[in-house]
Amino acid sequence: MAAPAVCMGMTAELHSRRTVLTTGAAVAGAAVGAVALTACGSDAPSSGSAAAPPAAAPGEPLAALADIEVGQAKAAKTADGKDVIVTRTAEGTAAAFSAICTHQGCAVVPAGAELKCPCHNSIFDAKTGAVKKGPADQPLPSIAVKVSNGQVVTA
């Protein structure tokens with residue numbers, strides 16, 4: 001009778017190890033999934049909500065107008081480190097937008113007359129901030145600017 005008891009004990013022990021390993025793998029998988037979702041998402045706006053433009057004090061310089069070709073855009077930062085895009089819309093005029101994509105909060109980059117989001121391939125018009133191609137469905141928030149002494153400054 002001793003042998004069946006040993007056999008049952010081993011089965012229970014193997015089952016216990018198997019349960020622990022299976023449970024551990026499930027917990028580890030859930031943790032990895034949570035980290036992956038956290039990395040993809042952010043506190044930034046998701047599709048359907050507009051991002052607030054960076055607040056900047058009036059007169060804050062963003063870029064030299066001469067550094068931007070007409071019809072082109074340039075990445076810049078506000079004095080407090082917020083990402084913005086400055087576009088030279090005509091010879092003596094410029095526009096500026098938040099550089100944060102309205103889809104998932106990635107920083108857009110200038111690409112000729114367009115602004116492209118490297119994360120999910122949204123494309124925005126560099127002159128207007130309007131969405132040209134989704135998944136973003138909201139335009140980039142504009143920042144009031146003016147040209148003063150050859151500088152694009154916040155208005």
- Query: Just wondering, are more than 12 heavy atoms of other shown residues or ligands nearer than 6.0 Å to NZ in Lys133?
  - Reply: yes
At their closest point, which heavy atom of [X] faces which heavy atom of [Y], and how far apart are they?
| X | Y | result |
| --- | --- | --- |
| Ala126 | Ala73 | CB-CB, 4.1 Å |
| Pro110 | Ala75 | CG-N, 3.7 Å |
| Ala99 | Ile85 | CB-CG1, 3.7 Å |
| Ala76 | Val86 | CB-CG2, 4.2 Å |

- Task: Start with the C-alpha gap between Lys74 and Asp67, add the side-chain angles, then the distance that decides, and say whether side-chain contact (heavy atoms from CB on, under 4.5 Å) holds.
- Result: CA-CA 8 Å; Lys74 178 181 178 178; Asp67 290 345; 3.7 Å; yes
Is [Y] close to [X] at the side-chain level, that is, under 4.5 Å between some pair of heavy atoms?
| X | Y | result |
| --- | --- | --- |
| Leu115 | Leu140 | yes |
| Pro141 | Thr102 | yes |
| Cys119 | Gln104 | no |

When you measure from the side chain of [X] to the backbone N and O of [Y], does any donor-acceptor pair fall under 3.5 Å?
| X | Y | value |
| --- | --- | --- |
| Ser98 | Ile100 | yes |
| Lys116 | Phe124 | no |
| Ser122 | Ala136 | yes |
| Asn149 | Gln151 | no |
| Thr87 | Ala94 | no |
| Thr89 | Lys127 | no |

- Query: Are Arg88 and Glu69 close enough for a salt bridge, meaning some N to O gap below 4.0 Å?
  - Reply: no
- Working for side-chain contact (heavy atoms from CB on, under 4.5 Å), residues Val131 and Gln138: CA-CA 7 Å; Val131 177; Gln138 297 292 313; 5.6 Å; no
- Task: Any chance you could lay out the side-chain contact (heavy atoms from CB on, under 4.5 Å) test for Lys82 and Lys77, step after step, and finish with the verdict?
- Result: CA-CA 5 Å; Lys82 301 282 195 265; Lys77 288 194 180 280; over 6 Å; no
- Query: Where do Glu60 and Val153 land on the side-chain contact (heavy atoms from CB on, under 4.5 Å) test, with the steps shown first?
  - Reply: CA-CA 5 Å; Glu60 180 181 321; Val153 299; over 6 Å; no
- Message: Does the SG of Cys101 lie under 2.5 Å from the SG of Cys106?
- Response: no
- Message: Quick check: is Leu65 connected to Ile68 through a chain of hydrophobic side chains (ILVMFWY, heavy atoms under 4.5 Å apart)?
- Response: yes
- Give a yes or no on whether Val145 and Val147 share a hydrophobic cluster (residues Ile, Leu, Val, Met, Phe, Trp, Tyr; joining criterion: side-chain heavy atoms under 4.5 Å apart). yes
- Output for pair (Phe97 CZ, Asp125 CG), nearest 0.5 Å, gives 7.5 Å
- Identified side chain to side chain contact (heavy atoms under 4.5 Å, CB included) partner of Thr78 from the options Asp83, Leu62, Ile143: Leu62
